[in-house]
Enquirer: 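If you scroll down you'll find the structure; I have some questions about it.
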There are 2 protein chains.
Amino acid sequence: MSAETDFNVTDSEWEVMRVVWAHGQASSKEIIDVLGQKMDWKPATTKTFLGRLVNKGMLNTQADGRRYLYSANVGESEFVRHALDEFFGHVCNREVGKTIGSVLSKATLSHKDISLLQTILDEKKETAVEEVPCNCVPGQCHCNVHSGGSCSC
Amino acid sequence: MSAETDFNVTDSEWEVMRVVWAHGQASSKEIIDVLGQKMDWKPATTKTFLGRLVNKGMLNTQADGRRYLYSANVGESEFVRHALDEFFGHVCNREVGKTIGSVLSKATLSHKDISLLQTILDEKKETAVEEVPCNCVPGQCHCNVHSGGSCSC
DNA sequence: ACTCTTAGTTTACGTTTGTAAACGTTCGTT
DNA sequence: AACGAACGTTTACAAACGTAAACTAAGAGT
């Protein structure tokens with residue numbers, strides 16, 4: 001029926017995806033064991049999420065005897081990017097800079113991560129704007145409230 | 001009863017908060033009007049969310065005659081930081097760098113934002129690690145799957 | 001063959017969320 | 001004093017979620 005992948009994954013299902021992403025391919029038993037330990041879920045609970053994820057097209061099943069081997073149909077990076085777009089869709093554009101800063105602050109990063117970010121940031125310098133416009137309220141602007149400053153929208 | 005603020009705000013409620021944050025203080029009529037336009041919600045719908053947010057302690061009410069003036073009890077920055085912590089609680093630590101990069105790439109930033117991020121990034125250089133450990137599966141490590149590289153966990 | 005185990009599928013059920021009508025109360029107006 | 005508009009509060013109700021037991025089918029071992 002549904003050939004389309006449904007990215008609408010709930011928090012619990014997300015936990016299941018993480019295990020699959022980390023394993024690459026795994027049997028339900030492996031997944032159940034990990035989540036039984038990490039999330040304290042009963043086997044039946046994990047089974048439910050596994051089934052729902054297969055329905056959503058987030059997981060692929062490959063028959064292995066009478067059981068399945070599960071694997072992700074969507075990469076973690078792709079999925080996270082998707083979820084993030086939705087997240088930032090809720091955040092006022094004016095807050096995005098600060099927000100990224102706050103994530104950055106508390107993140108554990110590798111040297112490679114840092115150079116990547118450095119590169120991106122350098123590129124960003126060229127398209128930097130004077131004042132980011134508020135997008136919380138359509139039509140009218142109330143930015144003056146935000147940073148306590150004058151707004152040019 | 002509940003003296004505690006419940007940060008567990010749903011997507012729809014978040015939209016309401018944005019309007020309040022942008023306005024600083026607003027009557028239900030103003031909020032209803034904005035969301036009726038932006039979200040195409042019936043007045044009753046916005047009323048419901050307003051009520052729920054007051055219950056959660058996210059909104060304060062200040063009597064103004066027989067009606068209320070609503071204002072946020074939690075700042076947008078604080079709230080977003082909170083929501084982000086939860087978000088990143090679902091993301092494998094190894095993905096965080098790339099993830100921040102992807103947000104950064106498509107964000108509209110001001111010059112000020114950029115210098116802020118630059119500063120933070122510079123500081124980060126000092127605590128950069130060789131390889132970020134995976135936290136998707138407890139006890140055992142399957143990082144090799146992630147970046148296709150060898151893992152030292 | 002027969003039973004135990006294992007793994008996927010169905011069913012269940014209370015809570016949360018999205019969406020909104022209905023209700024009750026209180027001013028402003030006639 | 002009566003009436004209608006405005007606003008907060010209650011009630012409603014289907015869909016989504018979290019959590020899990022029950023059921024079913026198919027090998028594994030005896």
Side-chain angles (χ1 to χ4, degrees), chain A residues 1-2 6-20 23 25-71 83 86-87 89-90, chain B residues 1-2 6-20 23 25-71 83 86-87 89-90:
Chain A
M1 312 282 106
S2 59
D6 177 8
F7 278 73
N8 230 53
V9 170
T10 71
D11 284 354
S12 297
E13 289 164 358
W14 196 340
E15 280 306 322
V16 177
M17 291 306 297
R18 292 180 69 178
V19 179
V20 178
H23 277 72
Q25 187 164 50
S27 67
S28 69
K29 176 165 174 19
E30 293 178 280
I31 301 170
I32 286 172
D33 286 347
V34 171
L35 293 171
Q37 194 195 315
K38 182 179 181 186
M39 306 297 289
D40 199 43
W41 288 342
K42 299 285 161 58
T45 303
T46 300
K47 285 183 189 180
T48 299
F49 295 141
L50 240 18
R52 289 181 181 169
L53 284 167
V54 171
N55 282 343
K56 294 186 182 185
M58 285 294 297
L59 288 181
N60 289 317
T61 53
Q62 184 196 326
D64 172 45
R66 93 226 110 256
R67 71 206 70 177
Y68 291 155
L69 287 184
Y70 297 85
S71 60
E86 203 170 307
F87 184 95
H90 292 300
Chain B
M1 311 281 103
S2 58
D6 176 8
F7 278 73
N8 230 53
V9 171
T10 71
D11 285 353
S12 298
E13 289 164 359
W14 197 339
E15 280 306 322
V16 177
M17 291 305 297
R18 292 179 69 180
V19 179
V20 177
H23 277 72
Q25 187 164 50
S27 66
S28 70
K29 175 167 176 16
E30 294 177 280
I31 300 169
I32 286 172
D33 286 348
V34 170
L35 293 171
Q37 194 195 313
K38 182 179 181 186
M39 305 298 286
D40 199 41
W41 288 342
K42 298 286 160 57
T45 303
T46 301
K47 284 182 189 180
T48 299
F49 295 140
L50 241 15
R52 289 179 182 170
L53 284 168
V54 170
N55 282 342
K56 294 186 182 185
M58 285 294 297
L59 288 181
N60 290 317
T61 52
Q62 184 197 325
D64 171 45
R66 95 220 111 265
R67 72 206 68 179
Y68 292 155
L69 286 184
Y70 297 85
S71 60
E86 204 171 306
F87 184 95
H90 292 299

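Letters go in sequence order (proteins before strands), and every chain restarts at 1.
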Enquirer: Name every residue in residues 39-50 of chain B that has at least one heavy atom under 4.0 Å from any atom of DNA chain D, in order of residue number, or write none if there are no such residues.
Expert: B/K47
Enquirer: For residues A/A63 and A/Y68, report the shortest heavy-atom separation together with the two atoms involved.
Expert: CA-CD2, 4.1 Å
Enquirer: State, to 0.1 Å, how close A/N8 and A/K56 come at their nearest heavy-atom pair, and which atoms those are.
Expert: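 The answer is O-NZ, 2.7 Å.
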Enquirer: How close do A/V20 and A/Y70 get, counting heavy atoms only, and between which atoms?
Expert: CG1-O, 4.1 Å
Enquirer: Take atom CH2 of A/W14 and atom C1' of D/dC17, then tell me their distance rounded to the nearest Å.
Expert: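 Rounded to the whole Å, the gap is 16 Å.
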Enquirer: Does A/V9 or A/R66 map to a spot on DNA chain D nearer the 5' end, using the closest nucleotide for each?
Expert: A/V9
Enquirer: How long is the line joining CG of B/N8 and P of D/dC17, in whole Å?
Expert: 14 Å
Enquirer: Only one of B/I32, B/D33, B/T46, B/L35 forms a side-chain contact (heavy atoms from CB on, under 4.5 Å) with B/V19, so which one is it?
Expert: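 With B/V19 as partner, side-chain contact (heavy atoms from CB on, under 4.5 Å) holds for just one option, B/L35.
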Enquirer: Take the protein atom CD of A/E15 and the nucleotide atom C1' of D/dC17, then report the distance between them rounded to whole Å.
Expert: 15 Å
Enquirer: Where the side chain of A/S12 is concerned, which of C/dG18, D/dT19, C/dG8 is the nearest nucleotide?
Expert: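 Nearest nucleotide to the side chain: D/dT19.
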Enquirer: At under 4.0 Å, does any side-chain N or O of A/T10 touch on OP1 or OP2 of D/dG18?
Expert: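 Answer yes for this pair, as a side-chain N or O of A/T10 is under 4.0 Å from OP1 or OP2.
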Enquirer: Between atom CG in A/L35 and atom C1' in D/dG18, what is the gap in whole Å?
Expert: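 It works out to 14 Å between those atoms.
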Enquirer: Quick one: closest heavy-atom pair of A/H90 and B/W14, and the distance?
Expert: O-NE1, 3.3 Å
Enquirer: Rounded off to whole Å, could you give me the CG-to-P distance for the B/D64 and C/dC27 pair?
Expert: 12 Å
Enquirer: When you measure from the side chain of B/Y68, which nucleotide among C/dA7, D/dT9, D/dC17 comes out closest?
Expert: D/dT9
Enquirer: From CG of A/N55 over to C1' of C/dT10, roughly how many Å is that when rounded to an integer?
Expert: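 A/N55 atom CG is separated from C/dT10 atom C1' by 12 Å.
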Enquirer: Just how far is it from atom CE of A/M58 to atom CE of A/M17, taken to the nearest 0.5 Å?
Expert: 3.5 Å
Enquirer: Between the base of C/dG18 and the side chain of B/R52, is one N or O donor paired with an acceptor at under 3.5 angstrom?
Expert: yes
Enquirer: Strictly below 4.0 Å, N to O, side chains only: are A/K38 and A/E15 in salt-bridge contact?
Expert: yes
Enquirer: Using whole Å, what does the distance between atom P of nucleotide C/dT15 and atom CG of A/D11 come to?
Expert: 19 Å
Enquirer: In whole Å, I'd like the distance from the CG atom of A/L53 to the P atom of D/dT19.
Expert: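 Value for this atom pair: 14 Å.
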